[in-house]
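Working notes, beginning with the structure itself.
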Amino acid sequence: SIPVFVAFDEIGNQLFKWGPRPQGAIDLIKQVKEAGIDKSALYEKLHLWYGRNRGVEIDKELTKLISDVSN
């Protein structure tokens with residue numbers, strides 16, 4: 001399963017939900033599927049994307065969500 005990140009306030013209201021992937025990975029999957037590339041090639045490209053990105057996009061997206069809630 002692919003994890004998601006959900007934040008709640010002190011009384012249990014959901015503040016935001018993130019996941020299961022950063023937008024760049026979602027876009028890559030969409031492009032690869034539209035091109036008709038097979039599943040093994042999709043996983044290879046996705047693995048390379050995550051390796052090259054090194055969590056930067058996840059960090060940016062979560063930082064924005066947390067910042068938006070804090071304001």
Side-chain angles (χ1 to χ4, degrees):
S1 68
I2 300 171
V4 295
F5 182 71
V6 184
F8 299 92
D9 66 13
E10 60 279 346
I11 59 173
N13 296 314
Q14 182 176 319
L15 300 172
F16 64 83
K17 179 179 178 182
W18 179 90
R21 295 181 173 89
Q23 190 60 49
I26 292 169
D27 294 344
L28 174 66
I29 291 168
K30 183 180 176 185
Q31 291 169 0
V32 169
K33 285 184 176 183
E34 287 174 354
I37 296 173
D38 70 6
K39 209 175 222 185
S40 64
L42 164 64
Y43 290 142
E44 182 179 340
K45 288 179 181 294
L46 189 58
H47 182 78
L48 285 171
W49 183 90
Y50 276 109
R52 290 178 180 148
N53 185 263
R54 297 179 171 226
V56 171
E57 192 161 342
I58 294 170
D59 183 51
K60 285 180 183 177
E61 290 179 13
L62 288 175
T63 299
K64 181 172 180 351
L65 287 170
I66 293 166
S67 176
D68 290 348
V69 169
S70 299
N71 294 329

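Just so it is clear, the model here is predicted, and its values are computed rather than measured.
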Common cluster, [X]/[Y], ILVMFWY with side-chain heavy-atom separation under 4.5 Å:
X: L48; Y: L28; result: no
X: L62; Y: L15; result: yes
X: V69; Y: I58; result: yes
X: V6; Y: F16; result: no
X: I26; Y: W49; result: no

Does V56 reach the side chain of N53, with side-chain heavy atoms less than 4.5 Å apart?
yes

Main-chain N/O of I66 paired with S70 side-chain donor or acceptor, under 3.5 Å
yes

Check: P22 main-chain N/O paired with E57 side-chain donor or acceptor under 3.5 Å:
no

Over 12 foreign heavy atoms within 6.0 Å of CD, Q23:
yes

Using a cut-off of 6.0 Å, state whether more than 12 heavy atoms not belonging to Y43 lie near its atom OH.
no

All heavy atoms of A25 vs all of Y50, minimum pair found to be CB-OH, 3.8 Å

Value for CZ (R21) from CD1 (I29), rounded to nearest 0.5 Å, stands at 4.0 Å

Rounded to the nearest 0.5 Å, how far apart are NZ of K39 and CD of E44?
15.5 Å

Side chain to side chain contact (heavy atoms under 4.5 Å, CB included) for W18 and K64? Distances and angles first, verdict last.
CA-CA 11 Å; W18 179 90; K64 181 172 180 351; over 6 Å; no

